[in-house]
Each structure stands twice: as structure tokens, then as C-alpha cells.
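Predicted, not measured: the structure shown is a model, and the values here were computed from it. Lettering of chains follows the sequences in order, A, B, ..., and the numbering in each one begins at 1.
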Number of protein chains: 2
Amino acid sequence: MASARQITGPCQAWPQDSAFIREVLDRIGDKWTVLVVSTLNAGSLRYSDLHASIPGISQRMLTQTLKHLERDGLITRTAYAEVPPRVEYELTDLGRSLRDAVMAMAGWAAAHHSEIAGNRAASDLTGVGRGKAPASAG
Amino acid sequence: MASARQITGPCQAWPQDSAFIREVLDRIGDKWTVLVVSTLNAGSLRYSDLHASIPGISQRMLTQTLKHLERDGLITRTAYAEVPPRVEYELTDLGRSLRDAVMAMAGWAAAHHSEIAGNRAASDLTGVGRGKAPASAG
DNA sequence: CGGAATCCAGCGGGATACTG
DNA sequence: CAGTATCCCGCTGGATTCCG
């Protein structure tokens, strides 16, 4: 899928691996995946439970996200052939490892989000303030 | 929202914090941010250097990504008022900490991407194969 | 060189309606 | 209950053009 990239910089050890990151990022990039995984952290849940636990999600997005997660082996889908249909979803070991990884990101976010918010507010106050203007060394 | 259930894992207190994660994910969710940060890992770079180092990016996206990163205090922008305009971008400490966090995700991706690919392929072969069908206890 | 502004195609994703 | 199918709108983001 991805073509080999030519990197000009001196330290280009990990950009090649960005293909992997891209895959993961494309998955956790959409907000629903993270929400679904975090909700499934509570254990095995039914479709309606997930739908109720995740406020803004539509059936379309919930179904799609679940299929993607199942396809990647991050969750298991168990359908009970009962009169009132029942389907339960649960995180796999792989899914739990993803959850851990995302939680690490969440840790970083929690640790720095105030600093980022501060920077953003300051940058907003400075308004159009561009970068610093050092001596123009011709 | 979610009814109290039996939790398999020790921690279920993070869905509330998902607001923080969302912010970060919205930022690193678009592929360009990660690429730009990883490229800036090489040190201070000019606009044109970045543009050349990141194959598929457009000026629009590069500029936008850089502004966002600067706004959040993840990079610094230094404009030299010379005859041929020159602007350099560099990661801040905060930006480097983000890079570390993203590299952690990259580590997870590298460790499990083959497994995920395998699961996906298997799920593709199984085709329409739905979830397992346990005894219909009705 | 380093951007800003404009235009426009693609598709992500919400709302709705229907099915098994 | 647990989806599937359809429509359709808004945003993302690429290509192009112009400016300091």
C-alpha cells in the first residue's frame, strides 16, 4: 500500500515505521474507536449497552467501529440465538493491550493538557503574534 | 450512564478523562501532525525542508499543521527577516514529550501490527464468519 | 521563500427508514 | 434487539493562484 519514502534528514530511523503508526492512528484517530474500547473496558457488553453508554454515537458508526475492531481481533463478538436477539462484545487480550497503550497516551494528555491549554490561550492572547524575530543575519 | 458491572480489569476510571484524550487524538489523529513532529525530530528545519521531507503533504496542510503545533506550544517558529525569507521550526520540550508518547504508540504498533494483520486476514478468509454461537439459553 | 486565499472533489459520518 | 441500506450535508484536505 504505502510506497517507500525517501527521507533527507539525518535522523530518520522511525519515519519508515510510520506506516505501522498510520494504521493504528487511522484506527484510534476516529473518536469512536477509543470510546468503544474504553467502554468495553467494563467487560462484556451488548450492542444496546454500548449504544446507551456512548452518548453521541449513531448505530451506523457503532456497528462500523465494532466490525473494524472485531476484524482486527481487538474484540470478540458473541451472538446468542435467542428470541430477543442478544450480542455481546468483549475486549480480547490484544484489545486490552491497545487499551493500555491508549491509556498511556491518556496519561500524557492528562499530564500536559493544562500546559497545552495554557500555551494555546497565551498564543491566542498574543493574537497574531508571530514567532520571535532574531537578528537578521544577512 | 453505564450501569455498574463486574470489571475484569483494575481500572475503569478513564472514560471521564476521554475529553483530554480526544484533544490529543484530534491532534495526532490527522496523519500530518505525526509526520511533521517526527521530521522535526531531526532538529530545527525550514518550511521548505519540511515540505521536501514529507512527500505527500501540501502547503496548506503543512502550514496548518505547523500553526496548530505552534499554537499548542509543541514547536517554536523563528522567522528571519532576510531578503530570501527564512523560517525555522523546532520542537519544544513539550513537543519532544509528545514525540516520546507517540513513539510509545509506535512501539505498540510495531509489536502488534503483524498480529493485527494476521487477524484481519483470517477474518477476511472466514469471510462473513460471524461471532461464535454459544448455546442459546433461552 | 513562506505563506494566505480560494475553489472544489471526496468521503466521513449523522439522521432516517427498513429488516430479521 | 441488533443491525443494514440510503440519503445527504459538512468538513477535510488537495490543487491552484496570488502576495510580502
query = Has the side chain of B/Ser123 got a donor or acceptor atom that lies under 3.5 Å from a matching backbone atom of B/Asn119?
reply = no
key: Which residue lies more 5' along DNA chain D, comparing A/Val87 with B/Asp30 via nearest heavy atoms   = A/Val87
What is the distance, rounded to the nearest whole Å, between atom [atom1] of [X] and atom [atom2] of [N]?
X       : N      : atom1 : atom2 : answer
A/Glu70 : D/dG3  : CD    : C1'   : 13 Å
A/Glu82 : C/dG20 : CD    : C1'   : 16 Å
A/Leu62 : D/dA5  : CG    : C1'   : 16 Å
B/Lys31 : C/dG12 : NZ    : P     : 11 Å
A/Tyr80 : D/dA2  : OH    : P     : 12 Å
B/Asp26 : C/dG13 : CG    : P     : 11 Å
A/Arg77 : D/dG3  : CZ    : C1'   : 8 Å
A/Leu66 : D/dT4  : CG    : C1'   : 14 Å

key: Atom pair CG (A/Leu94) and OG1 (A/Thr92), whose distance is rounded to the nearest 0.5 Å   = 5.0 Å
So, is [X] close to the [N] phosphate, meaning a side-chain N or O under 4.0 Å from OP1 or OP2?
X       : N     : answer
A/Arg46 : D/dA2 : yes
A/Tyr47 : D/dT4 : no
B/Ser48 : C/dG2 : yes
B/Lys67 : C/dA4 : yes

note = Exactly one candidate in A/Ile75, A/Val87, A/Leu40, A/Leu91 meets side-chain contact (heavy atoms from CB on, under 4.5 Å) with A/Leu45; the answer is A/Leu40
ask   = Starting at the 5' end of DNA chain C and moving along, which residue's nearest nucleotide shows up first, B/Pro84 or A/Gln64?
value = B/Pro84
key: Residue mapping more 5' on DNA chain C - nearest nucleotide basis, A/Pro85 or A/Trp32   = A/Trp32
request  = Taking only the side-chain heavy atoms of A/Gln59 (C-beta and beyond), determine which of C/dA17, D/dG14, C/dG3 contains the nearest atom.
outcome  = C/dA17
inquiry  = Please enumerate all residues that pass side chain to side chain donor-acceptor pair (under 3.5 Å) together with B/Arg27, with sequence neighbours excluded.
reply    = B/His68
Min side-chain heavy-atom separation B/Leu35-B/Ile57 under 4.5 Å = no
